[in-house]
S.K.: 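Dropping the structure in here first, questions after.
What you see is a predicted model; the values in this text were computed from it and never measured.
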Amino acid sequence: NAGVTQTPKFQVLKTGQSMTLQCAQDMNHEYMSWYRQDPGMGLRLIHYSVGAGITDQGEVPNGYNVSRSTTEDFPLRLLSAAPSQTSVYFCASRRPGTGIVELFFGEGSRLTVL
Amino acid sequence: AQSVAQPEDQVNVAEGNPLTVKCTYSVSGNPYLFWYVQYPNRGLQFLLKYITGDNLVKGSYGFEAEFNKSQTSFHLKKPSALVSDSALYFCAVREPKKGGKLIFGQGTELSVKP
């Protein structure tokens with residue numbers, strides 16, 4: 001019963017490096033999203049997807065790319081990391097349907113950019 | 001644009017006393033409101049939600065929330081706090097449309113002392 005799985009849990013990058021944060025869910029959820037959590041600012045939505053092949057921008061999309069080639073996976077790419085991207089990143093998903101349902105969150109990925 | 005505010009960064013309560021964590025929102029149309037809890041180094045967990053109906057919503061771990069449309073508030077409450085309730089609490093509002101985004105408040109740190 002894995003739920004939402006994020007890898008890696010911890011990562012240290014140098015400014016300018018690129019990397020991908022992985023997110024996978026095994027609940028057949030259509031909707032997936034990425035948030036970043038910073039002290040005093042709560043969670044801010046980076047990108048989201050309502051299904052395979054469909055992505056859209058959230059509140060703070062600059063510096064991040066996403067793709068959704070399968071229902072299960074929703075990777076977040078940092079093309080050229082900056083210190084301002086030091087944060088804890090959370091992937092979340094919710095099940096399909098017309099009802100208003102809650103998000104399921106991964107355990108988070110802590111990223112430090114030096 | 002929708003938004004949610006949690007006016008208190010921290011709430012301190014003695015064990016056994018009632019607790020309230022405040023949340024106000026702004027959204028066009030009928031609001032879909034949520035409370036989540038985050039324990040240290042973990043992802044967020046769903047507590048409860050308001051979609052329609054009774055203004056008093058009951059959720060997990062003995063928590064409840066009161067929806068007040070005239071005051072645009074959705075305060076989280078518990079009649080008798082436990083030390084184990086100490087955590088970070090987030091209020092969130094969802095856009096009232098298919099695929100609507102979930103926007104979070106900045107969070108309130110609840111500390112329950114024995």
S.K.: What's the spacing between A:Leu45 CG and B:Leu102 CG if we round to 0.5 Å?
M.R.: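 Answer for the CG-CG pair, A:Leu45 versus B:Leu102, is 8.5 Å.
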S.K.: Roughly how far, to the nearest 0.5 Å, is the CZ atom of A:Phe90 from the CD atom of B:Gln38?
M.R.: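 Separation between the atoms: 4.5 Å.
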S.K.: Please report the C-alpha distance between A:Phe105 and B:Tyr36 in whole Å, then the side-chain angles of each, then the deciding distance to 0.1 Å, and finally whether the side chain to side chain contact (heavy atoms under 4.5 Å, CB included) criterion is met.
M.R.: CA-CA 10 Å; A:Phe105 281 82; B:Tyr36 286 81; 3.8 Å; yes
S.K.: Just wondering, do A:Glu102 and B:Gln45 contact through their side chains at under 4.5 Å, heavy atoms?
M.R.: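 No. Closest side-chain heavy atoms not under 4.5 Å.
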S.K.: Identify the heavy atoms of B:Lys101 and A:Tyr48 that sit nearest to each other, and give their distance.
M.R.: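 Scanning both residues completely, I find the closest heavy atoms to be CD-CE2, 3.3 Å.
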S.K.: If I measure from the heavy atoms of chain B, does A:Tyr35 come under 4.5 Å with its side chain, its backbone, both, or neither?
M.R.: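 For A:Tyr35, the side chain is the part near chain B, not the backbone.
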S.K.: Can you see which heavy atom on B:Asn41 is nearest to which on A:Arg110, and at what distance?
M.R.: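 Shortest heavy-atom separation between B:Asn41 and A:Arg110 comes out as OD1-NH2, 3.9 Å.
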S.K.: Counting only heavy atoms closer than 4.5 Å, note whether A:Arg44 contacts chain B via side chain, backbone, both or neither.
M.R.: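 For A:Arg44, there is no contact with chain B at all, as no heavy atom is under 4.5 Å.
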S.K.: Check whether A:Leu43 gets within reach of chain B through its side chain, its backbone, both or neither, counting any heavy atom under 4.5 Å.
M.R.: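 Both backbone and side chain.
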S.K.: Rounded at 0.5 Å granularity, tell me how far CG in A:Leu103 sits from NZ in B:Lys49.
M.R.: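 Reported value, rounded in 0.5 Å steps: 10.5 Å.
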S.K.: Distance check, rounded to the nearest 0.5 Å: A:Gln37 atom CD versus B:Phe90 atom CZ?
M.R.: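 If I round to the nearest 0.5 Å, the distance is 4.5 Å.
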S.K.: Which atoms of A:Gln6 come close to chain B, meaning under 4.5 Å heavy atom to heavy atom: side chain ones, backbone ones, both, or neither?
M.R.: neither
